[in-house]
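Here the structure comes first, spelled out in structure tokens, and everything after it is commentary.
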Amino acid sequence: MLLHEIEELRKIRREWKGLKVGLVPTMGALHQGHLSLIKKAKESCDKVVVSVFVNPIQFGPSEDYNQYPRTLDKDYELCTQAGVDIVFAPSPEVMYGKGQRLSNDNLTYVCPPFFYVNKLCGKSRTGHFDGVCTVVLKLFNIVQPDFGFFGQKDAQQAVIIKKMVRDLNVPVEIVECPIVREESGLALSSRNKYLSDEGREDALVLSKILKNIKACYRKGITDIGVLKETAYGFLTDKHDLEYLEIFDKDTLEEKEKADDNSRVFIACRVEGVRLIDNICLGGE
Ligand code: PAF
């Protein structure tokens, strides 16, 4: 069922009293990564809602809000095939109110702690995680799920959402699902659509750097500086590295030495497309 209005969704949600409800929040342009979240939700919940909403307030003024791929018909078809009960695709007016100025001097925003946002993606994307937390909390309030499913590709986002849920006592359990990769190693992302064939090849540098750092760690190298330096042999003038960091995977704190709880985070532009990826040094 495809719904655009909050009231329609609330009505059905009331009928689901006592059932376990899972929410998979997305911005659409669904790929196998999203489908893996939906599969996980289907396995553990009685009812599954997928939200499809390109959230204007998490994009900066020079970012790709207008170009972001919008493929609702295809998304709905994929969700139906995957057994999703409701696809909730509100307009910005439905989410934020008609004629509202979308800024934090007009609307109530959720602002996650500076420590978590002043690094990695948050450093170059000012206000991004305020926009993400605000829309995710709104979606949680609208859908009232028992579980929320998020991909580890956006690992900083998942840490911040877990922190929000804990700090604000939101009664939703966050389930993190592993990154889905192409056979080549490229992490699936809706933004891969912007890349040419050559760009897709060049984009493999992200997963290659991460894999190599993990291999070095497994050989016994734990010095963060030394691990990070191994990346430079992979980078060419086709790669515009934004960051490469190794932090604690749960707290995003810096580490003296890499260990099994460390996650390596990378962001790099290829053909002007900003790509992110990460890998955990332990297990996985
Ligand atoms: O990860 C995303 O696609 C978005 O940030 C999310 C969680 C759907 C919020 O708009």
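Order of appearance sets the numbers: ligands from 1, and atoms from 1 within every ligand. Starting from 1, each residue takes its place in the sequence as its number.
Among protein heavy atoms, atom 3 (O) of ligand 1 sits closest to M27 CG, 3.7 Å. Of all protein heavy atoms, the one lying nearest to atom 5 (O) of ligand 1 is Q157 OE1, 2.7 Å. Taking atom 10 (O) of ligand 1 as the reference point, the nearest protein heavy-atom neighbour is Q58 OE1, 2.6 Å.
When only modelled atom types and interatomic distance are considered, D260 and Y217 share a side-chain donor-acceptor pair under 3.5 Å.
At a 4.0 Å heavy-atom cut-off, ligand 1 does not touch I161 at all.
Linking Ile, Leu, Val, Met, Phe, Trp and Tyr residues whenever their side-chain heavy atoms come within less than 4.5 Å places V94 and L23 in a single cluster.
Listed by number with element, the atoms of ligand 1 under 4.0 angstrom from any heavy atom of T26 are 8 (C). The ligand atoms of ligand 1 that sit less than 4.0 angstrom from a heavy atom of P25 are 8 (C). Each of the following atoms of ligand 1 lies closer than 4.0 Å to a heavy atom of V135: 9 (C), 10 (O).
K153 forms no cation-pi arrangement with F150, by the criterion of a distance under 6.0 Å to the ring centre and an angle within 45° of the ring axis.
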Side-chain donor-acceptor pairs under 3.5 Å in residues 231-239, sequence neighbours left out?
residue: T236; atom: OG1; partner: K238; partner atom: N; Å: 3.1
residue: T236; atom: OG1; partner: H239; partner atom: ND1; Å: 3.3
residue: K238; atom: NZ; partner: E198; partner atom: OE2; Å: 3.4
residue: H239; atom: ND1; partner: T236; partner atom: N; Å: 3.0
residue: H239; atom: NE2; partner: D202; partner atom: O; Å: 2.9

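Among Q156, E254, K228, K119, the one residue that satisfies the side chain to side chain contact (heavy atoms under 4.5 Å, CB included) test with E245 is K228.
Pairs passing the side chain to side chain donor-acceptor pair (under 3.5 Å) check and including a residue from residues 80-98, sequence neighbours excluded, read N55-Y96, S91-E93.
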